[in-house]
Amino acid sequence: QVQLVESGGGSVQAGGSLRLSCAASGNTSSTYQMAWFRQAPGKEREGVAAIDSDDNPSYADSVQGRFTISQDNAKKSLYLQMNNLKPEDTAMYYCAADPLVMGWVMTATEYKYWGQGTQVTVSS
């Protein structure tokens, strides 16, 4: 019903910045909570940031003050501005969406729609 495609990943040095994008297509007429997750090799999938249909953001403690989540007015694009990147931010980053969850809900199984991910690598 909804397709998500991430872009904007790459390789940067510690202290650098990247801006990730997530484009939604398909049946996007409903309102959704959007979120970013990340997963490093051998690690669990970790919630990074979430934003509701009224543009209220929530962040994991590990990225608070460094990352900013946002979306366009049509609710069809999601962004993650990542500043002051650290090597521990290295992971595959995934966009997720769900029409029912609200607030700080960062359990991966609660989200219905997922992108295929974009790789972020931060060198020391």
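Predicted model, so just to flag it, every value in this text is computed and none were measured.
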*Using modelled atom types only, decide if a donor and an acceptor are shared between the side chain of T118 and the backbone of G9 within a distance under 3.5 Å.*
yes
*Can you tell me how far the OG atom of S17 sits from the CD atom of Q81, to the nearest 0.5 Å?*
6.0 Å
*Check for a donor-acceptor pair, side chain of D54 on one end and backbone N or O of N56 on the other, with a separation under 3.5 Å.*
no
*asked:* I'd like to check S124 versus E88 (side-chain heavy atoms, cut-off strictly below 4.5 Å). Are they in contact?
replied: no
*Geometric cation-pi criterion, R19 with Y79: 6.0 Å, 45°*: yes
*Locate the shortest heavy-atom distance separating A49 from L80; write the atom from each residue and the value.*
CB-CD1, 4.3 Å
*Checking side-chain contact (heavy atoms from CB on, under 4.5 Å) for the pair Q1/Y113: CA distance, chi angles, key distance, verdict?*
CA-CA 9 Å; Q1 297 293 331; Y113 302 107; 3.3 Å; yes
_Show, in sequence, the C-alpha distance, side-chain angles and deciding distance for D52 and Y32, and conclude whether the side-chain contact (heavy atoms from CB on, under 4.5 Å) test is met._
CA-CA 7 Å; D52 66 19; Y32 294 88; over 6 Å; no
*Taking all heavy atoms of A91 and all of A40, pick out the closest pair and write down the distance.*
CB-N, 3.9 Å
*Residue pair Q33 / S53, side-chain heavy-atom distance below 4.5 Å*: no
*From CE (M82) to CH2 (W36), nearest 0.5 Å*: 8.0 Å
*Looking at CZ of R38 and CG of L20, how far apart are the two atoms once the value is rounded to the nearest 0.5 Å?*
11.0 Å
*Closest approach of L78 to M34 (non-hydrogen atoms, all atoms of both residues)*: CD1-CB, 3.7 Å
_Do Q116 and L4 make a side-chain contact, defined as non-hydrogen atoms from C-beta onward lying under 4.5 Å apart?_
no
*Can you tell me how far CG of L18 sits from CG of N83, rounded to the nearest 0.5 angstrom?*
9.5 Å
*Check A50 against Y111 and note the closest heavy-atom contact, atom names and distance.*
CB-OH, 4.2 Å
*W114 ring centre to R45 NZ or CZ under 6.0 Å, with the angle to the axis within 45°?*
yes
*Considering non-hydrogen atoms only, spot the tightest contact between D55 and Q71 and give its length.*
OD1-NE2, 2.7 Å
*E6 side chain vs C95 backbone, donor-acceptor pair below 3.5 Å*: yes
*Please confirm whether the backbone N or O of F37 pairs with a side-chain atom of E46, one donor and one acceptor, at under 3.5 Å?*
no
*Gap between atom OG of S11 and atom CD of Q119 - 0.5 Å precision*: 7.5 Å
_Using modelled atom types and a 3.5 Å cut-off, is there a donor and acceptor pairing between side-chain atoms of T90 and backbone atoms of V122?_
yes
*Parallel, tilted or perpendicular for F67 and Y93, by the 30°/60° rule?*
tilted
*How long is the span from the NZ atom in K112 to the CG atom in D98, to the nearest 0.5 Å?*
8.0 Å
